[in-house]
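Read the numbers this way: they start at 1 and go in the same order the structure lists the ligands and their atoms. Quick caveat, the model's predicted, so the values are computed rather than measured.
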Amino acid sequence: MTLAIHGGSPVRTDPWPAWPPPLDPRQRELVMDVLESGRWGATQGGSVVTDLVAAFARAARVPYGVAAGNATLGLFAALKGLGVGRGDEVIVPAYTFVASATAVLLAGAVPVIADVDPAHLHVSPDAVRDALTPRTAAVMPVHLAGSPADMDPITGLAARHGLAVVEDAAQAHGAAYKDRPVGGLGDAGVFSFQSSKAMTAGEGGLVVCRDESAYEAIWSVCNVGRRPGGQWYGHPSVGWNLRLTEIQAALLLPWLDRLDDELARRAAFCAALERELAGLPVTMLGPPPGTTRDSRHLVMLRIGVPVERDFLLAAMAAEGVPLDAGYPPLGTMAALAAEGARTGPCPAADEAAGSVVWVRQAMLMDDPARAADVAEALAKVLKS
Ligand SMILES: *Cc1c(COP(=O)(O)O)cnc(C)c1O
């Protein structure tokens, strides 16, 4: 069969589901209520940001939360609020979005890049151990692709060495580790509402945390150095305006009621895809040990045969099944190194950059029967 990239007919011609999904009536109603109230900012007495923060804290089973303008700033605020700053090192995984490291730089600290486990591409606890120095102040496990990092070895290490644990849960709304929700497993957990994420308001972020003094410090970082309940022009610490708006929160609060359904939908598609891939030289990467709920932000596929990567991606797109190239390893980014980021060898992240591709969340929202399109297009392209 002629590949579509060579003029043949594509495996799939109809579009994949759009992201974000269509507005639901409750989002529309709440957004309109906020707009008509005139209370668009979070300091004007509206309650939607407060309700959203409370819902996330409840879901993470921790007492506190703070909304932020995005997850990059949320990670920054969490680090800063937990006392991480100049001269400190923070261990981050080699296979993650660049913001995991740039948030560390924003706090004035040094990202130290640790390799991932080749089986699932989440940070390797052994690599975290190897990256420890007397200056290590924190570790940032990333709940990559919607599945939780293997947290127990990391929190164990952190407890022994007095490190803060900041979970980058930007991709993992609703995921659980050993039946415990992500975000509440470390000292702070940070979610993103950027446009590609499992819940989105275009942009946005939210930090959850367990400890009252950490909460007050993180809140203060996000609220120009004020104290919760303190004076408007009282700034006992240095902070910034990193707030989320009521309008953004109005898109997000009703979404919480349908998140479980969306996770179940993606899980069903992934189960079908795994069956469809049987017999192809393609493996779906499984989640780390301890995963009890994978929120399936995306699916990572390892291509088991040598294939020119740019050609694979272009040929799949031409077949109507666009895949994503995934992350370049953080340790290969000159801009991070120029700012002082350090890295050891990261063979697993390097290998993943060459062999792993992603199926994005929006595609996973389709009818599970359409998982066959992904497998059929892969079979066609890989056979050529
Ligand atoms: C999206 C993302 C971020 C950054 O989130 P923003 O809200 O865009 O700042 C950080 N870490 C990971 C792993 C992400 O996927």
Side-chain angles (χ1 to χ4, degrees), residues 19-20 52-53 56 65-80 90-107 111 113-114 116 120-123 138-149 151 154 165-175 182-183 185-186 188-208 218 221-222 240 242-245 248-249 251-252 255 285 287-288 294-300 324-330 333 336 341 349 352-353 356 358-362 364:
W19 197 263
L52 180 74
V53 166
F56 264 79
V66 180
N70 58 53
T72 309
L73 294 172
L75 289 166
F76 157 70
L79 290 166
K80 186 114 184 128
V90 179
I91 300 173
V92 300
Y95 195 81
T96 180
F97 186 55
V98 68
S100 309
T102 55
V104 174
L105 291 172
L106 213 40
I113 298 162
V116 292
H120 45 67
L121 305 185
H122 290 61
V123 75
V139 52
M140 187 189 293
V142 176
H143 302 311
L144 180 70
S147 50
M151 289 297 288
I154 293 168
V165 177
V166 174
E167 302 169 63
D168 180 341
Q171 303 182 359
H173 316 64
V182 301
L185 303 168
V190 182
F191 297 89
S192 172
F193 308 122
Q194 182 266 345
S195 50
S196 72
K197 305 299 157 88
M199 293 174 58
T200 175
E203 304 289 355
L206 198 147
V207 186
V208 293
I218 295 167
V221 171
C222 295
W240 295 265
L242 308 183
R243 289 184 295 266
L244 191 76
T245 68
Q248 289 167 296
L251 285 165
L252 296 164
W255 201 316
L285 300 194
D294 186 335
S295 67
R296 295 296 195 186
H297 175 61
L298 50 88
V299 159
M300 301 189 285
D324 199 294
Y327 296 129
L330 288 191
M333 294 184 190
L336 294 179
V356 171
W358 301 347
V359 183
R360 281 173 180 273
Q361 156 184 276
L364 306 179

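Across all their heavy atoms, Pro148 and Pro288 have their closest contact at O-CG, 3.1 Å. Counting all heavy atoms, side chain and backbone alike, Gly204 lies closest to Leu244 at CA-CD1, 3.5 Å. For the pair His297 and Ser196, the tightest heavy-atom approach, listed with the atom from each and the gap, is CE1-O, 3.1 Å. Between Leu144 and Tyr95, the shortest heavy-atom contact is CD2-CD2, 3.7 Å.
Taking only nitrogen or oxygen atoms, main chain and side chain alike, Ser192 reaches within less than 3.5 Å of ligand 1. Between Asp168 and ligand 1, at least one N/O pair is under 3.5 Å apart.
Under 4.0 Å from ligand 1, heavy atoms of Thr72 appear from its side chain as well as its backbone. Of all the heavy atoms of Ala71, the ones lying under 4.0 Å from any atom of ligand 1 are found in both the backbone and the side chain. At a heavy-atom cutoff of 4.0 Å, ligand 1 is contacted by no atom of Glu203, backbone or side chain.
For ligand 1, the atoms lying closer than 4.0 Å to a non-hydrogen atom of Val142 are 13 (C). Below 4.0 Å from some heavy atom of Gly204 lie the following atoms of ligand 1, by number and element: 7 (O). Atoms of ligand 1 lying under 4.0 Å from any heavy atom of Gln194, numbered from 1 in the order shown and given with element: 7 (O), 8 (O). Numbered from 1 in the order shown, with element, the atoms of ligand 1 that lie under 4.0 Å from a heavy atom of Thr96 read 13 (C). Close approach to Lys197 involves these atoms of ligand 1, each under 4.0 Å from a residue heavy atom: 1 (C), 2 (C), 3 (C), 5 (O), 14 (C), 15 (O).
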Side-chain donor-acceptor distances from residues 72-79 under 3.5 Å, at least two apart:
none

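Using modelled atom types, no side-chain atom of Trp255 and backbone atom of Ala201 make a donor-acceptor pair closer than 3.5 Å.
Side chains of Ser147 and His120: a donor-acceptor N/O pair is absent below 3.5 angstrom, by distance only.
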